[in-house]
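So the structure is just underneath, and the comments pick up after that.
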Amino acid sequence: MSFYTGRTGSLEYAARNAASFTEVAKIRDWSIETTVELLSTTTIDSKVNTFTPGLMGATGSATLMYYKAGSTNPNVEYFFDKVMKTTGGVNESDRVYLELMIDNNVADRIGFYAYITSASIGVSTGELVSGTINFTMDGNFDNALD
């Protein structure tokens, strides 16, 4: 039985319709939560509530460690620029593909399209600069944990 730690986790990002993924930042943590709406099928003469599954969705967050990438790896700067400097509103071209990875093994990845719904960056004395993003899945999972 294998156990994983946060040291093996990462987040990869791809712009809409991009052919490859790039690890954009070292992460401190990420989380994802899936939900299913339940639609009531209870009738007026029922004595108990009954339901049928409705829409499924997922939301999540990640804390990214910010650093200035050198000219050989502009991905971190690009990602933060895209997330933090969005002007003129958000449209469908701002949808991104995210892969949340537990380990580098393909079976240990969760992949999906998402919109980044909020982003913040924080600075504390004696701490690394970090940014937090929140996202909402658009569509279904392309890849989920096996």
Checklist line | Beyond-backbone contact of Asp142 with Phe112, side-chain heavy atoms, under 4.5 angstrom | finding: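 Heavy-atom side-chain distance check fails, nothing below 4.5 Å.
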Notebook entry, point to check: Should Trp30 and Ile110 count as side-chain neighbours, where that means a heavy-atom distance under 4.5 Å?
Noted result: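 Side-chain contact under 4.5 Å: yes.
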To the nearest 0.5 Å, what is the distance between [atom1] ([X]) and [atom2] ([Y])?
{"X": "Ile32", "Y": "Leu100", "atom1": "CD1", "atom2": "CG", "answer": "5.5 Å"}
{"X": "Phe135", "Y": "Tyr115", "atom1": "CZ", "atom2": "OH", "answer": "15.0 Å"}
{"X": "Thr34", "Y": "Met137", "atom1": "OG1", "atom2": "CE", "answer": "8.0 Å"}
{"X": "Leu39", "Y": "Thr42", "atom1": "CG", "atom2": "OG1", "answer": "11.0 Å"}
{"X": "Glu37", "Y": "Leu55", "atom1": "CD", "atom2": "CG", "answer": "5.0 Å"}
{"X": "Thr132", "Y": "Leu64", "atom1": "OG1", "atom2": "CG", "answer": "7.5 Å"}

Next item on the list: Give the intermediate values and the outcome of side-chain hydrogen bond (donor to acceptor under 3.5 Å, both in side chains) for residues Thr41 and Thr50.
Entry: CA-CA 5 Å; Thr41 58; Thr50 57; 2.7 Å; yes
Note to self: For Asn140, give me all partners under side-chain hydrogen bond (donor to acceptor under 3.5 Å, both in side chains), at least two apart in sequence or on another chain.
What the structure shows: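 Not a single residue meets the side-chain hydrogen bond (donor to acceptor under 3.5 Å, both in side chains) criterion with Asn140.
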Note to self: Please give me the minimum heavy-atom distance between Pro53 and Val36, naming the atom from each residue.
What the structure shows: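 Closest pair (atom of Pro53, atom of Val36, distance): CB-CG1, 4.2 Å.
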Check: Are Ser130 and Thr63 linked by a side-chain donor-acceptor pair shorter than 3.5 Å?
Finding: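 No pair is found: no donor N or O on one side chain lies under 3.5 Å from an acceptor on the other.
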Notebook entry, point to check: Okay, side chain of Ser40, backbone of Phe51: is any donor-acceptor separation there less than 3.5 Å?
Noted result: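 Judged by distance alone, no pair lies under 3.5 Å.
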Next item on the list: Look at the side chain of Ser61 and the backbone N and O of Ile133, then say whether any donor-acceptor pair between them is shorter than 3.5 Å.
Entry: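 It does not hold such a pair.
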Note to self: I'd like to know whether Tyr113 forms a ring pair (Phe, Tyr, Trp, His ring centres under 6.0 Å) with Phe141, so could you lay out the CA-CA distance, the side-chain angles of the two residues, the decisive distance to 0.1 Å, and finally the verdict.
What the structure shows: CA-CA 8 Å; Tyr113 282 98; Phe141 293 107; over 10 Å; no
Next item on the list: Determine, step by step, whether Thr117 and Asn134 satisfy the side-chain hydrogen bond (donor to acceptor under 3.5 Å, both in side chains) criterion, reporting the C-alpha distance in whole Å, the side-chain angles of both residues, the deciding distance to 0.1 Å, and the verdict.
Entry: CA-CA 6 Å; Thr117 56; Asn134 293 296; 5.5 Å; no
Checklist line | Hydrophobic cluster identity match, Ile121 and Val123, side-chain contacts under 4.5 Å | finding: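 Yes.
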